[in-house]
Amino acid sequence: MEGRRQKCEVLKALEALKKASKEIEANPVGAAEKGDDGCDSPSMKALLQLQSGSCDLLSGDPQLATLSDLLNRLRCLASSIRSSSCRDDGECGRSGGGNRGILGSIRWLRSSPSHEISRVAGSIGAEIQSWIDRESADRLVSALRSFSPFVARGGEVEEEDEGEALVRALQSRVSQGFDRGLQDVLLRSRAFAAVESALADSAAPKRVRECAATAVLALVRFNKAVFVGPVLMGPTVGALVSMSSASASAAALRALNGLIRAIRSPLVDELHARGQIPRLVGLLGGSVAVEVRILALDWALEIGYFGRKEAIDAMIAEGLIKRLTALQRSDLGGALIEMDGDGRGAVPVGQLRRVRGGGEEERQFLEARPFASCVARWAVQVEVGEGLRQREKREIKREVVARVREAAASEAEAATALAEVLWGSTLW
């Protein structure tokens, strides 16, 4: 426990040093010159203390050798700035002056000590960020591997809070965009394997598993080329489906939907190959929480767009159309072609093809009634999607028409649903 507190203090100190480097990068002259009291600015003092007071630490770690060199360079440049400030204020202006022309002035500015300090401070900030990434990854892996069902309750709560905070920090860091250095840190520390292990561990706290699900999605978005393979081959898919169906976890289902959008047909194929589609179709049932049913509908729409014929057939065979018809019949359902009941404000059936975007009026209606026209919306996804050939799309459409007629509670309901299905993606 003491070791964890020390690592936390180290990270706080590193964050403060990174902030100091950014301040020097933004104002190199003001940071380098001594104040009226003869002391360095707080930012410069912090970095120079790191350089002078941590020689053993920096020289003993090969990964910190570059940082050590940069700090030495910063000290020399700061001394140069102070020396030049003792001269006549106009001397520097004349030495780099206008007689050299525009190009000469640009070259002088780029070679000036202040510009070099700014550049070095930026490099120091990047090296400190890499240091922070390494420490954070080590803490994350250590915390996620320490969960145990036999830990005393007090310690378990503390570990759960720490694990959740670390996973959220990882998600926030990778969401900032691709960084090759960060990618190397993640691969060397095996951070993805630790997050995936926590996600798949049924004994781990639910909050941590849900955070891990979100982190897996963030890692895939960070670099698909690296992390899609482990997702398809590892336990991630099965764990997300299990959490979604057995625990009715909205976070897990939301992460699964995000992975489908990111990975597309290969992930749909994997769901079908593992026999997971029936479990997910079951989430559209009336006994499931509304939030989960809405996310399950999103899942069905994504599968309709990206899925191949085998996956679409599996959904229909599991009673998808019957479940969607029941949702459309519910209080949160309705029909987009008759929004206000008297024909005004209705969405023409030919505009249902825009379901992936939709107009403002349509979005507002779907926020109030998320299951409105869900049969036609799914049929449109299949028709405009990229998983089927044209012949297969026509076959699916005929099957949907037949299933709608079976599932409808009345001829009026069947007529409305079929009008949307048959013409929902056709431009008038």
Side-chain angles (χ1 to χ4, degrees), residues 1 3-5 7-8 11-12 15 132-133 135-176 182 185-186 189-222 227 230-231 234-262 267 276 279-280 282-283 287-296 298-299:
M1 192 64 65
R4 290 181 181 177
R5 290 196 183 95
K7 287 184 177 180
C8 186
L11 285 174
K12 288 181 180 178
E15 289 288 352
I132 293 173
D133 291 337
E135 294 291 335
S136 299
D138 290 342
R139 283 188 68 205
L140 172 71
V141 172
S142 175
L144 292 182
R145 289 177 177 170
S146 67
F147 288 120
S148 170
F150 307 107
V151 178
R153 183 61 194 162
E156 184 178 341
V157 171
E158 188 171 347
E159 284 188 354
E160 180 177 345
D161 292 340
E162 181 188 19
E164 182 182 2
L166 290 171
V167 175
R168 289 189 184 280
L170 171 65
Q171 177 190 347
S172 175
R173 178 70 179 95
V174 299
S175 298
Q176 295 174 14
L182 176 58
V185 169
L186 295 174
S189 64
R190 298 180 59 83
F192 181 86
V195 172
E196 186 179 54
S197 177
L199 172 62
D201 184 5
S202 58
K206 182 179 178 181
R207 283 193 298 138
V208 175
R209 295 184 71 194
E210 290 182 338
C211 286
T214 307
V216 166
L217 174 58
L219 286 167
V220 168
R221 289 171 174 169
F222 175 74
F227 296 112
V231 167
T236 293
V237 176
L240 290 176
V241 174
S242 177
M243 291 176 65
S244 301
S245 57
S247 305
S249 171
L253 189 52
R254 190 177 294 110
L256 180 61
N257 290 343
L259 287 174
I260 293 173
R261 283 189 290 272
L267 181 52
Q276 303 286 14
R279 300 179 66 183
L280 293 167
L283 294 175
S287 60
V288 183
V290 172
E291 181 184 12
V292 176
R293 277 185 286 164
I294 293 173
L295 290 169
D298 291 340
W299 167 84

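These numbers come from the heavy atoms of this one structure, side chains and all, not from hydrogens, waters or symmetry mates.
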Nearest heavy atoms of R207 and D161, plus distance in Å: NH2-OD1, 2.9 Å

Side chain to side chain donor-acceptor pair (under 3.5 Å) involving S245 - partner list, sequence neighbours excluded: R279

What pairs with E135 under salt bridge (Lys or Arg N to Asp or Glu O under 4.0 Å), at least two apart in sequence or on another chain? none

If you take all heavy atoms of A198 and L144, which pair is closest and at what distance? CB-CD2, 4.1 Å

Taking side chain to side chain donor-acceptor pair (under 3.5 Å) as the definition, give me every residue that meets it alongside T214, ordered by chain and number, with sequence neighbours left out. none

Can you name the closest pair of heavy atoms from A218 and S175 and give their distance? CB-OG, 4.2 Å

Taking C-beta and beyond as the side chain, do L283 and L295 meet within less than 4.5 Å on heavy atoms? no

Please list all pairs passing the ring-ring contact (aromatic ring centres under 6.0 Å, His included) test where one or both residues lie in residues 241-262, with sequence neighbours left out. none

Acceptor/donor pairs from residues 235-244 side chains to any protein atom, 3.5 angstrom cut, sequence neighbours excluded:
unit_1	atom_1	unit_2	atom_2	d
T236	OG1	E196	OE2	2.8
S244	OG	L240	O	2.7
S244	OG	L253	N	3.3

Atom SG in C211, atom CZ in R209: separation rounded to 0.5 Å? 12.5 Å

Please enumerate all residues that pass side chain to side chain contact (heavy atoms under 4.5 Å, CB included) together with V185, with sequence neighbours excluded. D133, R134, A137

All heavy atoms of A191 vs all of V141, minimum pair found to be CA-CG2, 4.0 Å

Pairing residues for A248 by the side chain to side chain contact (heavy atoms under 4.5 Å, CB included) criterion, not counting sequence neighbours: V292

Go through the structure and list residues passing side chain to side chain contact (heavy atoms under 4.5 Å, CB included) with L217, not counting sequence neighbours. R221, L259

Between NZ on residue K206 and OG on residue S249, distance to nearest 0.5 Å: 5.5 Å

Go through it in stages, so that I can follow the logic: the residues are V208 and D201, the test is side-chain contact (heavy atoms from CB on, under 4.5 Å), and I'd like the CA-CA distance, side-chain angles, deciding distance and then a yes or no. CA-CA 10 Å; V208 175; D201 184 5; over 6 Å; no

For S197, what residues pass the side chain to side chain contact (heavy atoms under 4.5 Å, CB included) criterion, not counting sequence neighbours? none

All side chain to side chain donor-acceptor pair (under 3.5 Å) counterparts of Q171, not counting sequence neighbours: none

Determine, stepwise, if the pair F227 / V216 fulfils side-chain contact (heavy atoms from CB on, under 4.5 Å). CA-CA 9 Å; F227 296 112; V216 166; over 6 Å; no

Salt bridge check: are D298 and R254 linked by an N-O gap of less than 4.0 Å? no

Please list, chain by chain and in numerical order, all residues satisfying side chain to side chain donor-acceptor pair (under 3.5 Å) with R139, sequence neighbours excluded. E162

Minimum heavy-atom separation for L186 to F222, with atom names? CD1-CE2, 4.2 Å

Between L166 and A143 the two heavy atoms that sit nearest each other are CD1-CB, 3.6 Å

Say you draw a straight line from CG of L140 to CZ of R173; how long is it, rounded to the nearest 0.5 Å? 13.5 Å

Look up atom CG in L256 and atom CH2 in W299, then write down how far apart they are to the nearest 0.5 Å. 8.5 Å

